[in-house]
Amino acid sequence: MNDIKKLISELTLEEKAGLTSGKDAWLTKAVERLGIGQSRTSDGPHGLRADDYSRPDHATMPAVCFPTAVTTAASFDRDMLYQLGEELGTECRAYGVDVLLGPGVNIKRSPLCGRNFEYFSEDPYLAGQLGAAFVNGVQSKGVGTSLKHFFANSQETRRFTSSSEIDERTIREIYLPAFENVVKKAQPWTIMASYNKINRTYATENKKFIDEVLRKEWGFEGLVVSDWGATHDRVAAIVAGTDLTMPATDSDHVIVEAVKNGTLPEEALDLCCERVLELVFKSEEHRDPNAKCDVEAAHQLARKFAANSLVLLKNDGKMLPLKKTDKVAFIGAFAEKPRLQGGGSSHIVETKITSALEAAKEAGIDVEYAPAYNRETGGTDDRLFAEALELAKTAEKVVLFIGLPDRMESEGGDRQHIRLPEAHDLLVRAVCALNPNTAVVLHNGSPVAMPWIDAPKAVLEAYLGGQAVGGAVVDILFGDVNPSGRLAESFPKKLEDNPSYLWYFGEGDTVTYNEGLFVGYRYYETKKLEPLFPFGFGLSYTDFEYSNLRLSRWEMSEDMTLGVSVDVKNVGEVKGKEVVQLYVAPVRGKVIRPAKELRDFAKIELEPGETKTVHFELSKRAFAYWSVEKKDWAVENGRYEIQIGRDSHNVALSHGIAIKPENELHHW
Ligand code: BGC
């Protein structure tokens, strides 16, 4: 191991300043005279967007585009996220990338956020669990990650200047826990400080959160990098603990000046250099010039991951699965070229695309096809529309592919509404009126309104499922895979129902998070406002029965752990996977709290007739709120309900537990 302290003592002040900013868009700076190399970063998160340095134009190299985070989150499957991470780590090694810029664990405050497709969930527990599995998977291959965007980066509108104004409890209970869990469970090599301000101080300059919370309280050992262009004051960033400013900048001289005139202590700069050097050496240590990856196998994995994630939202009269001998028409241009990812820095140049049309053909299924609309604009014309209706009339069954066009979902902008293109809404009504056996397949990266929800028999949420999504859609439509995805976000009936609606974009640069703790289902459940589809919702081709919920105690003190077990039986005819969700619902005490919160989950697979017992173990944090007074987690004594939910709204079984002071417990 290199003696980093000794090396730092040999660096000139200019070299030190240089180490704290990028060489170009992706590399750190080398110091050749001392044998200091470079670390290479690349976007992320659901594939690799790596520049080809061997070409003068640095064109992006094609790589496998896996399902985006909104999709993989719906798998509720930690093992799958770990495997996805491993696969991405393997690709990074083969492409010579040391640090993958992801995952994104920001909380979905509103369905409007243009980057929701890159983030996992509205729920911090779920986002933190999946984020940790992903990071552990990538890093198991000797490749680093960059957990982003730290934090409260909930909109794209004025993302470089807006200040997220959030009260302390909401910060601790909603916007930080996903980061906290990933740091504690997976130690990402780096964390990316976001563009926005948090309560008036830029995230990159926020000593309170970077130094006090992230490093001292949670024990983060890695490097903090600015989001690209997020550093406004180099000196303040270094003092706060943002070690590396990316990308290249011409402001290194500011640091040199500040050390010389005494406004920046050299020890603060040394500390940042130390962390940059640790990253560089760690990167070099794990590199393997002979590393390879199997792109075709990865494409098949991408299909499997998507099939494990897509969410069946409606299936009246068991219209799905279709029979391979049915006379089916695929209508909608997304059947021929699916929407598979979002726009912006995460945009992957995919190695190939499997469309639903192609996948059906490969499986020997004979389908007819009409595009119905223009894929890029989402609009239609008389000819396309008429052709589609003609086909709908003659087909036995119709699968209608609709969704948001690419340009409606991208980094750098937010949506202004959650409607689908008008032509798509019209198509659903017109096709369903002509053919009652219609299933809708949706491609979108964030919730859309479905004013026509009563019309089709079935709806499959295919999200932005990566380059093999068409294969996964066919696997599910025709029953080769039993759907097992569950929504990792609530779908409101209308945008106005979303708790952040009144304040979302803010006033000028001030964005006040007035809804506080009541984000997503925490609001819908507390307010008793029915969403279109609740968080955690998703159907299967089989049915599951829950029984025998038992707790390891009937009363406890806050420092004890609580064992929870429940039996789940597959009472249907086909094999299937169920997501068992555990919510804790506090009975109203003195503290204002959401009606319930997800505290654990498990994904299990069951053969027809099979029963499995699922065990959970809850500790203090599952019952706790953040006490502003104590500056710590606290538990109110009183009654809590342990709910096993089919989703956030539908409780399958529940059981009460009393939390009491230690000296009031009954000792049997
Ligand atoms: C994005 C980051 C990304 C970086 C590098 C920024 O604009 O916010 O998520 O990793 O660019 O492309």
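Start at 1 and go down the list; that is how both ligands and their atoms are numbered. These numbers come from the heavy atoms of this one structure, side chains and all, not from hydrogens, waters or symmetry mates.
- Taken to the nearest 0.5 Å, the CG atom of Asn181 stands 10.0 Å off from the CG atom of Leu130.
- Residue Glu118 does not touch ligand 1, judged by heavy-atom distances below 4.0 Å.
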>> Go through it in stages, so that I can follow the logic: the residues are Glu168 and Trp626, the test is side-chain hydrogen bond (donor to acceptor under 3.5 Å, both in side chains), and I'd like the CA-CA distance, side-chain angles, deciding distance and then a yes or no.
In response: CA-CA 8 Å; Glu168 182 181 332; Trp626 178 262; 2.8 Å; yes
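- Ring geometry for Trp189 versus His286: interplanar angle of 30 to 60°, hence tilted.
- Annotation for ligand 1: atoms under 4.0 Å from non-hydrogen atoms of Arg49 are 12 (O).
- Here the options are Glu122, Glu489, Glu156, Glu515, the test is salt bridge (charged side-chain N to carboxylate O under 4.0 Å, His left out), and the partner is Arg109; only Glu515 passes.
- The ligand atoms of ligand 1 that sit less than 4.0 angstrom from a heavy atom of Glu411 are 1 (C), 6 (C), 7 (O), 8 (O).
- Contact annotation: for His347 versus ligand 1, there are no heavy atoms closer than 4.0 Å.
- With ligand atoms numbered from 1 in the order given, ligand 1 contributes 5 (C), 12 (O) to contacts under 4.0 Å with heavy atoms of Trp26.
- Summarising the geometry of Cys113 relative to Asp414, their closest heavy-atom pair is CA-OD1, 3.3 Å, with the distance given to 0.1 Å.
- Using a 3.5 Å distance cut-off with no hydrogens or angles, the side chains of Asn106 and Glu118 do not pair a donor with an acceptor.
- Using a 4.0 Å heavy-atom cutoff, Phe160 is absent from the residues neighbouring ligand 1.
- Remark: minimum distance from atom 2 (C) of ligand 1 to any protein heavy atom is reached at Asp227 OD1, 3.3 Å.
- Counting heavy atoms under 4.0 Å from ligand 1, residue Met192 touches it through the side chain alone.
- Nearest non-hydrogen protein atom to atom 5 (C) of ligand 1 is Asp43 OD2, 3.2 Å.
- Scanning the protein heavy atoms around atom 7 (O) of ligand 1, the nearest turns out to be Tyr195 OH, 2.7 Å.
- With hydrogens and angles left out, the side-chain atoms of Thr351 and Gln467 include a donor and acceptor closer than 3.5 Å.
- Atoms of ligand 1 found under 4.0 Å from any heavy atom of Leu101 (numbered from 1 in listed order, with element): 10 (O).
- Every atom of ligand 1 is numbered from 1 in the order shown, and the set under 4.0 Å from a heavy atom of Lys148 is 2 (C), 3 (C), 9 (O), 10 (O).
- Using a 4.0 Å cutoff on heavy atoms, His149 counts as a contact of ligand 1.
- Dense packing is recorded around NZ of Lys184, with more than 12 heavy atoms of other residues, nucleotides or ligands lying under 6.0 Å away.
- Side chain to side chain, Tyr513 and Ser154 meet the donor-acceptor criterion of an N or O pair below 3.5 Å.
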